[in-house]
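See structure below.
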Amino acid sequence: VSAETVPIDLAELAAVPSVRRDGQLDLAPARRALEAQLPTYLRGRRWFAGKARRIKEARITDTVPVPYKNRSAALLFVTVEYTEGDPDTYLLPVTLLEGEQAVQVVERLPHLVLARANGPGSEGLLVDALADPAFGIALVEAIGRRKRFASETGSVVAQPTRAFRRVVGLGRQLPEPVPGRAEQSNTSLVYGDHLILKLFRRLEPGLNPELEIGRFLTERAGFAHTPPVAGSLEYQSGTAEPMTLGILQAYVVNEGDAWQYTLDTLGGYLERVLASQIDSPDVSLTAANLLALAAEEPPADAYELIDTYIEAAHLLGRRTAELHVALSSEHDDPAFRPDGFSLQDQRSVYESMRKFAVQTLQAIRRQLAHLPEPVRIAAEQVLAREATIYDVYRELLRRPLRAKRIRCHGDYHLGQVLYTGRDFVIVDFEGEPARPVGERRLKRPAVVDIAGMLRSFHYAAYAAAFDHAQRGLIQSVEQVEPWLRYWYAWVASRFLQGYLGLIRQTQLLPPDPDSLCVLLEAYMLDKAVYEAGYELDHRRDWLAIPLRGIVELLQHRQQVRT
């Protein structure tokens, strides 16, 4: 059961002193009591990234009042100090709700309740302000009116883009917003099928790539396959770099993300292959073979078994290429101008990949005896190929690769793409939230996004097989593994075909096939190693997927055809 759906006992909820003065929210009397409560509250939130660290204290470093609809909220900036490592800063909007509104929040959104407020004139609940629809509407209105909310030490600036009127509409009554269900490293308010306001919880100085890239694609590149950005919220304080607090975008009516769409189609694929009389295929999944297959037309069996998804993969490849063309279309702005990929850049990538692989393989080796047997066998196969992994990375040093470095998506996979029923819309340009903002804004070869999506196809194939095995629809993953490899080979190659068909007209990727293969192989392997490290820490039953991926990428290390 999710902690966010567990009912709360008001009698056991922490209490804070009166939080209202002259009709306005006043947290000064409650500050110490609230700070004492914050560590417990933060640990229960999905968006809190410090769960594995020991909290020393949580301090409210600034309080920005936000008046709205005859009441007020406050944007709290909370600095969390740990016993080890650097502190984090989090955004927490709060307001006081009373009467029926408080009852409804307890029933429907218990995870947004912070504390009871006791005192003359302020009996009620102190809650995350996103629980109050009026607050969400006030934020959109503030963006449209370019409002500024000031505290003693800083201010929050609401700013529309040129697309605000087109996206929001003049004089239109906004639908009542509700907090999005897919809360992870941030929180979204969804305004019917009209708007979505994403608030970033963990804050860093500097422009968030989600806003920077989204605004660029909306206002300058005119890229149609991402939600237009209508506005933003930013925190400014003295001479410090501003921090991005939120981004307002158009809502895209969709049938779910491409991950779920892919899993749904894989279910039908597995049913068809189990019913077919075709011998199970033997296919190589090396980067060289995927590129070779991308130069071919898929066989009739692939079209019949994979069905419409094989063309969907081709379309997604083309949309990805269009994204990269759009992101590389600006030659005057240093933040978006394509840069060369020098031998020095290649060495930097090699050293980063090798260092990360060394750390990850050491972690796997330390945990080897504690892994389930099938996973342990796969881990041993990877560890036996450690030298080969470094050989793949070393190929980056052997010659100039003649690629360009551009602004990329940075965390590209099927979950970052919405499926509309006919087309794809690319979302979430925030990058990997665990990485610093400055690192997420770095330019990289476009192939980093390609590698991410190819690995996502591989994950989806095995995730579908795991689900079928758990539900007893197949005896084991091994029963259908040759067919998983077949699906992945032709879906991945068809995606590459769609991508390369458009991107070849640019100079973003190396013009010669060997150099392109070197880049793709290195970045796919790096992504699989990253996935192995993640699964080792979070989902050991899934660790076999990236481990299989690593072994498959290293098979033969030469071009093999189906």
After noting the C-alpha distance and the side-chain angles of Arg166 and Thr161, does the key distance pass the side-chain contact (heavy atoms from CB on, under 4.5 Å) rule?
CA-CA 10 Å; Arg166 170 168 59 89; Thr161 68; over 6 Å; no
Arg146 side chain to Pro160 main-chain N or O, any donor-acceptor pair under 3.5 Å?
no
Honestly, is Arg405 close enough over Phe341, meaning NZ or CZ under 6.0 Å from the six-membered ring centre and within 45° of the axis?
no
Looking at Arg318 and Glu322, is there a salt bridge between them, counting it only when a charged N and a carboxylate O are closer than 4.0 Å?
yes
Heavy-atom closest pair (Gly180 atom, Val190 atom, distance to 0.1 Å) is CA-CG2, 4.2 Å
Is any side-chain heavy atom of Val156 less than 4.5 Å from a side-chain heavy atom of Phe77?
yes
Kindly determine whether Phe200 and Leu91 satisfy side-chain contact (heavy atoms from CB on, under 4.5 Å), including the steps that lead there.
CA-CA 7 Å; Phe200 301 108; Leu91 173 65; over 6 Å; no
Please determine if Arg220 and Glu330 form a salt bridge, counting it only when a charged side-chain N lies under 4.0 Å from a carboxylate O.
yes
Using side-chain contact (heavy atoms from CB on, under 4.5 Å), reason through Ile503 and His324 one step at a time and then give a plain yes or no.
CA-CA 8 Å; Ile503 215 70; His324 287 162; 4.1 Å; yes
Tell me the closest heavy-atom pair linking Glu241 and Pro205, and the distance in Å.
CB-CB, 3.8 Å
Shortest non-hydrogen separation from Leu112 to Tyr41 and the atoms involved
CA-OH, 3.8 Å
Nearest 0.5 Å, please: how far is CZ in Arg347 from CD in Gln344?
10.0 Å
Side chains of Lys443 and Cys408: closer than 4.5 Å at any heavy-atom pair?
no
pair Gln249-Val427: side-chain heavy atoms closer than 4.5 Å:
no
Is there a donor-acceptor contact under 3.5 Å linking the side chains of Ser155 and Arg148?
yes
Polar side-chain atom of Asp449 near backbone of His409 as donor-acceptor pair, under 3.5 Å:
yes
Before we go on, tell me: are the rings of Phe457 and Tyr488 under 6.0 Å apart, centre to centre?
no
So which of Val66, Thr63, Leu96 actually passes side-chain contact (heavy atoms from CB on, under 4.5 Å) with Leu25?
Leu96
Greater than 12 external heavy atoms within 6.0 Å of Arg422's CZ:
no
Please check if the side chain of Thr89 supplies one atom and the backbone of Thr79 the other of a donor-acceptor pair under 3.5 Å.
no
Go through it in stages, so that I can follow the logic: the residues are Glu212 and Asn208, the test is side-chain hydrogen bond (donor to acceptor under 3.5 Å, both in side chains), and I'd like the CA-CA distance, side-chain angles, deciding distance and then a yes or no.
CA-CA 6 Å; Glu212 183 182 24; Asn208 192 294; over 6 Å; no
For Val437, does its backbone N or O pair with a side-chain atom of Glu204 as donor and acceptor, under 3.5 Å?
yes
Check: Pro510 and Leu519 side chains under 4.5 Å, non-hydrogen atoms:
yes
How long is the span from the CG atom in Leu509 to the CD1 atom in Ile450, to the nearest 0.5 Å?
7.5 Å
Check the side chains of Thr420 and Asp423 for a donor-acceptor pair under 3.5 angstrom, ignoring hydrogens and angles.
no
Tyr412-Thr320 side chain donor-acceptor pair, cut-off 3.5 Å
yes
Drop me the distance from Trp47's CH2 to Leu199's CG, to the nearest 0.5 angstrom.
10.5 Å
State whether the side chain of Glu219 and the backbone N or O of Arg162 hold a donor-acceptor pair below 3.5 Å, judged by distance alone.
yes
Is it true that His225 and Arg319 share a donor-acceptor pair across their side chains at a distance under 3.5 Å?
yes
Quick one: are Leu454 and Tyr459 in side-chain contact, heavy atoms under 4.5 Å?
no
As an exercise, state the distance from CD of Glu311 to CG of Leu316, rounded to the nearest 0.5 Å.
12.5 Å
Regarding Glu351 and Lys355, does a basic nitrogen lie under 4.0 Å from an acidic carboxylate oxygen?
no
Could you walk me through whether Val78 and Thr61 pass the side-chain contact (heavy atoms from CB on, under 4.5 Å) test, one step at a time?
CA-CA 6 Å; Val78 179; Thr61 51; over 6 Å; no
Side-chain donor-acceptor contact under 3.5 Å, Arg71 with Thr95:
no
Given the rule in the side-chain hydrogen bond (donor to acceptor under 3.5 Å, both in side chains) test, do Arg201 and Thr187 qualify, once you have shown the distances and angles that lead to the verdict?
CA-CA 7 Å; Arg201 294 297 195 156; Thr187 306; 2.9 Å; yes
May I ask you to test the Pro546-Glu535 pair for a side-chain heavy-atom distance under 4.5 Å?
yes
Donor-acceptor contact below 3.5 Å, side chain Arg440 vs main chain Arg435
yes
Do other residues, nucleotides or ligands put more than 12 heavy atoms under 6.0 Å from the CD atom of Glu100?
yes
Check this for me: Lys69, atom NZ, are more than 12 non-hydrogen atoms of other residues, nucleotides or ligands nearer than 6.0 Å?
no
Between Lys198 and Asp428, is there a side-chain heavy-atom distance shorter than 4.5 Å?
yes
Contact check, side chains of Leu401 and Leu396, non-hydrogen atoms, under 4.5 Å:
yes
Nearest heavy-atom neighbours spanning Ser237 and Thr153
OG-O, 2.8 Å
Quickly, which of Leu327, Ile426, Val229 forms a side-chain contact (heavy atoms from CB on, under 4.5 Å) with Leu217? Name it, please.
Leu327
Between Ala326 and Ser329, what is the shortest heavy-atom contact and its length?
O-OG, 2.6 Å
Does the ring center of His194 lie less than 6.0 Å from the ring center of Tyr251?
no
Does Gly246 offer a backbone N or O that forms a donor-acceptor pair with the side chain of Thr244 under 3.5 Å?
no
Over 12 non-hydrogen atoms of neighbours within 6.0 angstrom of CD in Gln507
no
Determine, using ring centers only, whether Tyr309 and Tyr261 are less than 6.0 Å apart.
yes
Can a donor-acceptor pair be found between the side chains of Gln236 and Glu234 at a distance below 3.5 Å?
yes
For Arg407 and Arg441, indicate whether the former's side chain and the latter's backbone hold a donor-acceptor pair under 3.5 Å.
yes
Verdict with supporting geometry, Glu35 and Arg59, salt bridge (charged side-chain N to carboxylate O under 4.0 Å, His left out)
CA-CA 6 Å; Glu35 287 178 334; Arg59 291 179 291 107; over 6 Å; no
Heavy atoms of Val64 and Phe149 approach each other most closely as CG1-O, 3.3 Å
Value rounded to 0.5 Å, distance of CD1 in Ile55 from CG in Leu42:
6.0 Å
Side-chain donor or acceptor of Asn254 paired with backbone N/O of Val252 under 3.5 Å
yes
Does a sphere of radius 6.0 Å around CZ in Arg165 hold more than 12 heavy atoms from other residues, nucleotides or ligands, not counting ones at 6.0 Å or beyond?
no
Is the side chain of Asp526 donor-acceptor paired with the backbone N or O of Tyr523 at a distance under 3.5 Å, no angle test?
no
